[in-house]
Amino acid sequence: MNYKETIQLPRTDFPMRANLPEKETKILQNWNQTQMYKQIQESRKDNKPYIFHDGPPYANGHIHMGTAFNRILKDITVKYRTMVGYRVPFIPGWDCHGMPIEREVIKKLKGKILTNEILRKACTQFAQKFVGIQKEEFMRLGVFGEWDNPYITMDPEYEARVINVFKVLVEKGYVYRDKRPVHWCTSCKTALAEAELEYKDILSSSIYVKFKTQDPNLSILIWTTTPWTLPANVAIALNPKLQYDFVKIGNEKLVIASDLKDIVLEKLNIKDYEIEKSVVGKELEGMIYKHPLFDKECKVILSTFVSKDSGTGGVHIAPGHGYEDYQVGLSYKLPVISPVDESGCFTDEVPEFEGKYVFDANKDIIEALKEKETLVCDEEFSHSYPHCWRCKTPLIFRATPQWFLRIDHKNLRERCVNEIEKINWVPKWSKERILHNILDRPDWCLSRQRRWGIPIPVLYCKNCDTPILDTKVIERARDIIKKEGSMGWFEHPAKDFIETACPKCNCQEFIKEKDIFDVWFDSGASWTVIKAQDSFPADIYCEGVDHHRGWFQHSFLLSMTTEEKPCFKSVLTHGLILDKEMKKMSKSLGNVISPTEIIKKYGADILRLYFSAIDYTCDVPFDSDGLESSVIAYRRLRNTFKFLLGNLHDFETIVPKDKLLELDKLMLHRLTLLIEKVTSAYENVEFHKVYHSIYNYCTTDLSKFYLDILKDRLYTYGKNSLERRSAQTILQEILLSLVKLLAPIIPFTTEEVWQNITNNLKLSTNNSKSIHIELLPKSNPDWIDNKLAEDYELIQEIRDNVLLALEAARNKKIIGNTLEAKVTLWADNKDTRDFLQQKLSSLPSIFIVSQTNIEKVDNMSQFKKINIFIDKAEGKRCERCWIWSKDIGTSTEHLTLCSKCINVLKEDNYGC
RNA sequence: GGGCCUGUAGCUCAGGUGGUUAGAGCGCACGGCUGAUAACCGUGAGGCGGAUGGUUCGAGUCCAUCCAGGCCCA
């Protein structure tokens, strides 16, 4: 008789090899066909909502590792919240306006005359194309959401909402217009937002210049790295608290800060000098000096931003060309001079240098200073300098009329700070970060001199140039834009937006504003999407650390101004994806790894598993070798599922708890602990703890311990024996728990497992159509048995020692397979001995050996609590269960079987 | 230059309120099994805890400084 046919080997069609790339595509098709997202929403329609508001990625290319990572984190959260019973609508968004797309399109249409219509149409198409591409790519990651109904910042309805936010800001008085220095790219001919600057080292002229005073022998020494801003000089700033020396060199006297004097004089190579006197900066306020280039007189002012760390302690002030200069200038009512045009060339306001590009004019200015004998030192100097993030051109500060949002209006800053305290920031330090950003930020420059964006709906009187910032005009613009999109603003004549005449000059004709909104204004108003659905504020926003200055902050500002409350209750921040060497992934470094490539090769579940293993609160190095370990981890999880499924193929009767075997009760206890640990890790958004707990459980508790021990019981015991059914009862519990706990992380594989469960197993579940409609398992306090757990801690410690002894015996060739062994134990401590005696009957199976007895023999190995001796097992090996025993052959029909197996054959009616 | 963050074995992570020889899992090496089999089991080798000082009887854990890296800002 072939006894192999009489044992219950695992049986399942769940394949060992996943072939994820192909299988995931099929599962995806199935989800689409059955409208899974809708089904899930339907299943939760009466439940409490959990609003996850999506931050819109920029629609100008394929997704990169960072976007994939962000999406996966979001999706794990969405799926988890759904599985604890919330209704979680997820409306994905896309950010479509802005310079990168505009520039890309201009490049593409090079040579063509770009009317607004042509340009905007091309931009729309460009953005639409990538919205479509990214949508596919995101869906491929297994992300659930309303993909048929996303929010898109270039949709007319969305644009109208943005305009409406602007209207409220105007009503509440937050908006003002002012000439003001802004970072200006002379190549893109546009003002840049703070977010668009890129600091790089640059070589500049570093010059020391004497500003002569009314006393022809006395000069104030200043230091600057931007000689071209000297024509716009209107003041010298000194620090009121610093000490200034009057340094006498021959007949000449120079005013230099005491702390900097030595360094400066050494640089100027001046050794012979004396200090005539020393005064505190404050005493020099109002001192008159002569402009170094032109024939005019200006005054000394005071400012605490003047530092004693570099320069001379005297700072040349040009409010038209520097932000700090501008701020000091405000308090002294200094004129804002900015004689530079949009391409960075001097205007006719400075005839001496008219038409010269400012950076080229540096040398002319230095020459002019030399002629006037005011230049004392000229050298090159390397320092960090802002560049345009797109075209990498060094930027200048240039004063232009702009629209601003006043941050200190209606105590906005203060209110923000108060609200920040109440919001749940994860991780906690993220609060400090946003706090500093809000506290330190200047007014928000809303306007951009660009074309691809939402127009700022303001008119100017054709006659007197008075700006008409009027809610009626804005409302009309909003309504037209809602119907026709932003193009409506450009296509309609000005008169369509206004009925009244200019309040100043009564002129009837108007010119439309050409500027558009900063893109942060577009995306910062995205909470209007959830507001329109009556889901304001969001429960959670989740983006990378860079968004403390980006989307988080701008969304927050716009909701705090217009709604007067925050748009989110909690904010989750994640680190950025870097390469293996912790360097930023960028095309120029050639270290970019595309998520799409990874998915094609390995599947989305592998990528998701990889990201879930990592503590995302800090930056994440992405490396393909690391991905390999995810593949290996995945195999372990998959094989665990396969083993569980295979051993449950004939399971139908659950064994009640009081009849379960002791080891099985123990596993119920441990499963409960796992469920608790995992649930709390999910709740605290610590996905890596979810991953590590589950994975360790699968390897340590299951594979290496429980499942290994169980094989004998599952395979060789009677089909319907209590021992076997008891084990299956636990395996079922474990299977159902694991598949649910892992569903948010590996949605495809768990779905595959779930389908296998519902199709093939006769388990008592409600059988939802998808694992993602199920609820997470709840920990059952009845399953906790601390006494048992304590007993088994000792047993496992002994087991570890037995394994060591078995390994030693194996090395001595006493045994090969552990079933060939007999384990003899002895404990000097009587309590331990009694304990062993009490558990003796289950010890062979726990050690996976054939025999165990307790007695004192010679040559025992010494372990901490017990002594162990390994010997060859007694008797013969049973052909069926492979366990060695002395009662082989008690039946004439089955000479090679042990009596246990003979009984099993009878029980299971194998012709005995 | 400022704000915030990170730095424990090759990799991913653990290490309440400072206290015995710093723990897992994977990988690696060696071995076993051939009834989870492109699986499974066992054993072993890997850590000057970014660096240097300090507090303390005692620090990966507290403090200071520095170094390296990241993001944001000047």
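Residue numbers begin at 1 in each chain, while the letters A, B, ... track the order of the sequences.
The separation of B/C57 from B/U65, taken at their P atoms, amounts to 24 Å, rounded to a whole angstrom. For the C1' atoms, the distance linking B/G7 with B/C41 amounts to 37 Å, nearest Å. The C1' atoms of B/G46 and B/G25 are separated by 15 Å, rounded to the nearest whole Å. Spacing of C1' atoms, B/U55 relative to B/C62, comes out at 8 Å, to the nearest Å. With both ends at atom P, the span from B/G58 to B/G19 equals 14 Å, rounded to whole Å. If you take atom P in B/G23 and the same atom in B/A68, they sit 32 Å apart, rounded to whole Å. Taking atom C1' in both B/U8 and B/U61, one finds a spacing of 11 Å when rounded to whole Å. For the P atom pair drawn from B/G10 and B/C28, the interatomic distance equals 15 Å after rounding to whole Å.
Under the 4.0 Å criterion applied to side-chain N and carboxylate O atoms, A/Arg549 and A/Asp546 are not assigned as salt-bridge partners.
For A/Lys711 and B/G35, the shortest distance from a side-chain N or O to OP1 or OP2 is not below 4.0 Å. Using a 4.0 Å cut-off, some side-chain N or O of A/Tyr715 falls inside it from OP1 or OP2 of B/A36. One finds a side-chain N or O of A/Arg636 lying less than 4.0 angstrom from the OP1 or OP2 phosphate oxygen of B/C41. A sub-4.0 Å separation between OP1 or OP2 of B/G3 and a side-chain N or O of A/His548 is absent.
Using a 4.5 Å heavy-atom cutoff, the side chains of A/Ile76 and A/Val690 are not in contact. Between A/Leu644 and A/Val739, every side-chain heavy-atom pair lies at or beyond the 4.5 Å cut-off.
Spacing between atom CZ of A/Phe847 and atom P of B/U43 amounts to 13 Å, rounded to whole angstrom units. Atom CH2 in A/Trp429 sits about 10 Å away from atom C1' in B/G70, given to the nearest Å. When the C1' atom of B/A74 is taken as reference, atom CG of A/Asp325 falls 13 Å away, rounded to whole Å. If you take OH of A/Tyr610 and P of B/G27, they are 16 Å apart, rounded to a whole angstrom. Rounded to a whole Å, the NZ atom of A/Lys812 is 18 Å from the P atom of B/G31. The CG-C1' distance, from A/Leu578 to B/G69, rounds to 9 Å in whole Å. Note: CD (A/Glu820) to P (B/G42) measures 17 Å, nearest angstrom. Atom CZ in A/Phe611 sits roughly 18 Å away from atom P in B/C11 (whole-Å rounding).
One can find a donor-acceptor pair under 3.5 Å joining the base of B/C71 and the side-chain atoms of A/Arg433. If you check distances only, the side chain of A/Lys642 never reaches the base of B/A39 with a donor-acceptor pair under 3.5 Å. In terms of polar N and O atoms assigned as donor or acceptor, the side chain of A/Ser703 comes within less than 3.5 Å of the base of B/A36 in a complementary pairing.
Across all strands shown, A/Gly816 has heavy atoms under 4.0 Å from sugar-phosphate atoms exclusively, and none from any base. Across all strands shown, A/Ser430 has no heavy atoms under 4.0 Å from either base or sugar-phosphate atoms.
Between A/His894 and A/Tyr3, the distance from one ring center to the other falls under 6.0 angstrom. Aromatic ring centroids of A/His574 and A/Phe69 lie under 6.0 Å apart.
The side chain of A/Ile614 has B/U12 as its nearest neighbour among B/G35, B/C71, B/U12. Nearest nucleotide to the A/Tyr695 side chain, out of B/G27, B/G35, B/G25: B/G25. Ranking B/G42, B/A38, B/U43 by closeness to the A/Met16 side chain, first place goes to B/A38. The side chain of A/Glu432 lies closest to B/C4, out of B/C4, B/A24, B/G35. The side chain of A/His688 has B/A14 as its nearest neighbour among B/C73, B/C41, B/A14. Side-chain atoms of A/Asp619 lie closest to B/G70 of the nucleotides B/A36, B/G70, B/C33. For A/His692, whose side chain is taken as the heavy atoms from C-beta onward, the closest listed nucleotide among B/C13, B/C41, B/G3 is B/C13. Among the nucleotides B/C40, B/G31, B/A38, the one closest to the side chain of A/Arg17 is B/A38. Checking B/U12, B/C71, B/G32 against every side-chain atom of A/Ala613, the shortest atom distance belongs to B/U12. With distances taken from any side-chain atom of A/Lys704 to the nucleotides B/G35, B/G32, B/C41, the minimum falls on B/C41.
The partner of B/G46 cannot be assigned: no Watson-Crick or G-U wobble pair with both contacts below 3.5 Å exists in any strand. Using N1 to N3 plus N6-O4 or O6-N4 for Watson-Crick, or N1-O2 and O6-N3 for G-U wobble, each under 3.5 Å, B/U17 pairs with nothing. Applying the Watson-Crick and G-U wobble criteria (two distances, each under 3.5 Å), B/C26 pairs with B/G10. Pairing of B/U34, defined by two Watson-Crick or G-U wobble distances under 3.5 Å, is not identified with any nucleotide. Checking B/A64 for Watson-Crick or G-U wobble geometry (two distances, each under 3.5 Å) identifies B/U52 as its partner. Under the Watson-Crick and G-U wobble criteria, each requiring two contacts below 3.5 Å, nucleotide B/C4 is paired to B/G70.
Nearest-nucleotide positions on RNA chain B place A/Tyr691 closer to the 5' end than the other of A/Tyr691 and A/Arg799. Place A/Lys689 and A/Arg880 on RNA chain B by their nearest nucleotides, and A/Lys689 ends up nearer the 5' end.
Counted within 6.0 Å of NZ on A/Lys900, heavy atoms from surrounding residues, nucleotides or ligands total more than 12; the atom is thus considered enclosed.
At a cut-off of 3.5 Å, with distance as the only test, a side-chain donor of A/His548 or A/Ser430 sits close to an acceptor on the other residue.
Taking the ring centre of A/Phe705 as origin, the terminal cationic atom of A/Arg799 falls outside the region bounded by 6.0 Å and 45° from the ring axis.
Looking at A/Thr716, A/Asn647, A/Asp650 one by one, the single match for side chain to side chain donor-acceptor pair (under 3.5 Å) with A/Arg724 turns out to be A/Asp650.
In B/G25 the base sits anti relative to the sugar, since the glycosidic angle is further than 90° from 0.
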